[in-house]
Chemist: 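Got a structure for you, questions after.
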Amino acid sequence: MVYNEPIFLEPNYKERIWGGTKLKEIFNYPIPSNQTGEAWCISGHSNGPSLIKNGPLKGLSLAEAWNHHRELFAHEKGEEFPLLIKILDSKKDLSVQVHPDDTYAREVEGENYGKTECWYIIDCEEDSEIIFGHHAEDAEELAFMANNGEWNNLLRRVKVKPGDFYYVPSGTIHAIGSGIQILETQQSSDITYRVYDYDRVGQDGKKRELHLEQSLEVTNTPHEDPELSSIRNHYNSLNEEQLIEEEYFSVYKWDLDGVCKDLSLNSYLLISVIEGNGEVATKEGPYKFKKGDHFIVPATVTTFDLLGNASLIVSNSNQNIEQRSHAHVEERVRSLETI
Ligand code: ZN
């Protein structure tokens, strides 16, 4: 099969006690209730699979495409599609949590991947806050403060604004505060250890379960703010900001204003439209996209054009070491320079 078109995906929605209605208000998603917290937009995970909306594989799940058409993904290795793209709406505070790394996830949970994630803040209320890291000097102090409920002294609060980006490696204590909408790029994992839940009770009148023992085992001490790349490129009608390049993924923000021809790939790209609209054109023809759409440009599409007026969050997997994004970015830059 010569597959020469973008793969558009249908999100999967999750009701959460902290969720709201912004996924409908901002993206016009058909959310199941007024407490919808998450859209799993590009997902091969069995807990929330996204379905293919167009083309020869229409109706299949992304996981099925991954399992049976690996050429679309540059023959990347791995049992599961490696990345998961979500949009979250926190009407209320999320619980304070931490995720394990790959080794812990495999050995303790029997899962393929740990969870390193990153957040692009799409919008938020003024003075919104996240919890990002902690103030303990070492594991002993972390355990002492956690066991004694010294949460105000332990947790590190950071104010956020639209357009901010946070890289949250596994082992980082974190929580999204109320009033924030983020696009999350993460390893495809659903393992969360709840550290603290503000002593809230659920609908059943009980406090939600905590996982303090596992949390203390996987949390990095002391907390260190990760370094972010801030590489910016400008080509004709495309502004690129590289948000992060790390072990599992690279993430970019592309601001498109006009026509950008002959983008070339040697792997596959995940694209989420967070603002505006436009078209992605391959040999197969043009495909319209609008705010809230998510699509994959498969590795079998060797060149494509973008046109329109839009902000896109773009990512690729770095799972195939020999196809680390350097090569493909360089390739892409080369093609852009020849315009
Ligand atoms: Zn998380």
Side-chain angles (χ1 to χ4, degrees), residues 16-19 37-38 86 88-101 104-105 114-187 189 191-200 207-230 243-249 251:
R16 301 287 188 229
I17 58 165
W18 44 262
E38 307 184 13
K86 294 180 185 173
L88 277 69
D89 168 31
S90 61
K91 189 175 181 192
K92 297 182 187 150
D93 292 330
L94 273 73
S95 57
V96 182
Q97 51 187 253
V98 62
H99 308 294
D101 63 10
Y104 193 95
K115 187 162 155 188
T116 281
E117 61 190 53
C118 61
W119 308 337
Y120 179 83
I121 312 274
I122 296 171
D123 201 5
C124 62
E125 290 169 9
E126 219 172 310
D127 292 328
S128 294
E129 283 185 345
I130 58 169
I131 286 166
F132 187 61
H134 60 76
H135 294 294
E137 291 293 325
D138 53 34
E140 220 180 344
E141 190 177 16
L142 175 72
F144 180 85
M145 293 176 89
N147 286 319
N148 287 284
E150 294 184 22
W151 302 111
N152 282 340
N153 292 331
L154 177 63
L155 301 173
R156 190 164 164 265
R157 291 174 177 279
V158 180
K159 284 212 190 311
V160 297
K161 56 182 189 315
D164 284 351
F165 178 78
Y166 287 88
Y167 174 54
V168 189
S170 58
T172 305
I173 287 184
H174 62 277
I176 297 165
S178 62
I180 303 176
Q181 293 81 49
I182 69 164
L183 184 138
E184 182 174 42
T185 304
Q186 56 160 99
Q187 287 182 276
S189 164
I191 309 172
T192 294
Y193 299 134
R194 206 172 284 144
V195 181
Y196 174 55
D197 197 31
Y198 308 97
D199 299 318
R200 291 182 292 196
K207 286 184 188 175
R208 291 198 290 169
E209 189 192 355
L210 300 178
H211 318 94
L212 203 50
E213 194 181 317
Q214 296 95 319
S215 299
L216 295 173
E217 272 178 10
V218 305
T219 299
N220 304 330
T221 55
H223 169 79
E224 283 173 30
D225 270 341
E227 275 191 35
L228 295 179
S229 51
S230 56
L243 299 170
I244 188 76
E245 180 178 81
E246 58 86 75
E247 192 178 350
Y248 301 104
F249 46 71
V251 183

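Values reported hereafter were calculated over all heavy atoms of this structure, with side chains retained and with hydrogens, waters and symmetry mates removed.
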Chemist: Where do V158 and Y166 come nearest, in terms of heavy atoms and distance?
Modeler: CG1-OH, 3.3 Å
Chemist: Is it true that a side-chain atom of S90 and a backbone atom of I180 form a donor plus acceptor pair closer than 3.5 Å?
Modeler: yes
Chemist: Could I get the full list of side-chain contact (heavy atoms from CB on, under 4.5 Å) partners for D197, not counting sequence neighbours?
Modeler: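 For D197, the residues satisfying side-chain contact (heavy atoms from CB on, under 4.5 Å) (neighbours in sequence not counted) are S95, R194, R200, R208, L210.
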Chemist: Can you tell me how far CD1 of I122 sits from CG of L183, rounded to the nearest 0.5 angstrom?
Modeler: 5.0 Å
Chemist: Tell me every residue that passes ring-ring contact (aromatic ring centres under 6.0 Å, His included) with H134, counting only those two or more places apart in sequence or in another chain.
Modeler: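 H134: no ring-ring contact (aromatic ring centres under 6.0 Å, His included) contacts found.
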Chemist: Only pairs under 3.5 Å count here: list side-chain donor-acceptor contacts from residues 143-157, not counting sequence neighbours, and write none if there are none.
Modeler:
| residue | atom | partner | partner atom | Å |
| --- | --- | --- | --- | --- |
| N147 | ND2 | A143 | O | 2.9 |
| N148 | ND2 | F144 | O | 2.7 |
| R156 | NH1 | F132 | O | 2.9 |
| R156 | NH1 | H223 | NE2 | 3.3 |
| R156 | NH1 | D225 | OD1 | 3.3 |
| R156 | NH2 | D225 | OD2 | 2.8 |
| R157 | NH1 | E129 | OE1 | 3.2 |

Chemist: How far apart are the C-alpha atoms of W18 and E38, what are their side-chain angles, what is the distance that settles it, and do they pass the side-chain contact (heavy atoms from CB on, under 4.5 Å) test?
Modeler: CA-CA 10 Å; W18 44 262; E38 307 184 13; 3.4 Å; yes
Chemist: Work out which heavy atom in E137 is nearest to a heavy atom in P222; give both atom names and the distance.
Modeler: O-CB, 3.6 Å
Chemist: Begin with the C-alpha distance, continue with both residues' side-chain angles, and end with the deciding distance and a verdict on side-chain contact (heavy atoms from CB on, under 4.5 Å) for I130 and W119.
Modeler: CA-CA 11 Å; I130 58 169; W119 308 337; 3.8 Å; yes
Chemist: Report the C-alpha distance between Y193 and Q97 in whole Å, list the side-chain angles of each, state the deciding distance to 0.1 Å, and finish with yes or no for side-chain hydrogen bond (donor to acceptor under 3.5 Å, both in side chains).
Modeler: CA-CA 5 Å; Y193 299 134; Q97 51 187 253; over 6 Å; no
Chemist: Is a donor on one side and an acceptor on the other found under 3.5 Å between the side chain of T172 and the backbone of V168?
Modeler: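 Absent.
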Chemist: To the nearest 0.5 Å, how far apart are CD1 in I176 and SG in C124?
Modeler: 11.5 Å
Chemist: Output the distance between atom CD1 (I121) and atom CG (D123), rounded to the nearest 0.5 Å.
Modeler: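 With rounding to 0.5 Å, CD1 (I121) is 10.0 Å from CG (D123).
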Chemist: For residues P100 and S170, report the shortest heavy-atom separation together with the two atoms involved.
Modeler: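 Looking at all heavy atoms of both residues, the closest pair is O-CB, 3.3 Å.
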Chemist: Quick check for you: to the nearest 0.5 Å, what is the distance between Y120 atom OH and D164 atom CG?
Modeler: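 Rounded to the nearest 0.5 Å, the OH-CG separation comes out at 8.5 Å.
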Chemist: Can a donor-acceptor pair be found, under 3.5 Å and without considering hydrogens, that links the side chain of Q187 to the backbone of T116?
Modeler: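 It does hold such a pair.
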Chemist: Given the rule in the side-chain contact (heavy atoms from CB on, under 4.5 Å) test, do L243 and L228 qualify, once you have shown the distances and angles that lead to the verdict?
Modeler: CA-CA 7 Å; L243 299 170; L228 295 179; over 6 Å; no
Chemist: Please walk me through it: do D93 and Y198 pass side-chain contact (heavy atoms from CB on, under 4.5 Å)?
Modeler: CA-CA 9 Å; D93 292 330; Y198 308 97; 3.8 Å; yes
Chemist: Minimum heavy-atom separation for L212 and V195, please, with both atom names.
Modeler: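 So the two residues come closest at CD1-O, 3.8 Å.
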Chemist: Indicate yes or no for a side-chain donor-acceptor contact from H174 to the backbone of G133 under 3.5 Å, with no hydrogens or angles considered.
Modeler: no
Chemist: With ring centroids as reference points, do Y167 and F165 lie under 6.0 angstrom apart?
Modeler: no
Chemist: What distance separates H99 NE2 from Q186 CD, expressed to the nearest 0.5 Å?
Modeler: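 Between atom NE2 of H99 and atom CD of Q186 there are 7.0 Å.
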Chemist: Do V98 and T192 have side chains that approach each other closer than 4.5 Å (heavy atoms only, starting at C-beta)?
Modeler: no
Chemist: Taking the side chain as every heavy atom from C-beta outward, state whether H211 and E209 have any atom pair closer than 4.5 Å.
Modeler: yes
Chemist: Do V218 and D101 make a side-chain contact, defined as non-hydrogen atoms from C-beta onward lying under 4.5 Å apart?
Modeler: no
Chemist: Atom CD1 in I17, atom CG in L94: separation rounded to 0.5 Å?
Modeler: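 I17 atom CD1 to L94 atom CG measures 8.5 Å (nearest 0.5 Å).
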Chemist: For the residue pair S128 and S178, establish whether any side-chain heavy-atom pair is separated by less than 4.5 Å.
Modeler: no
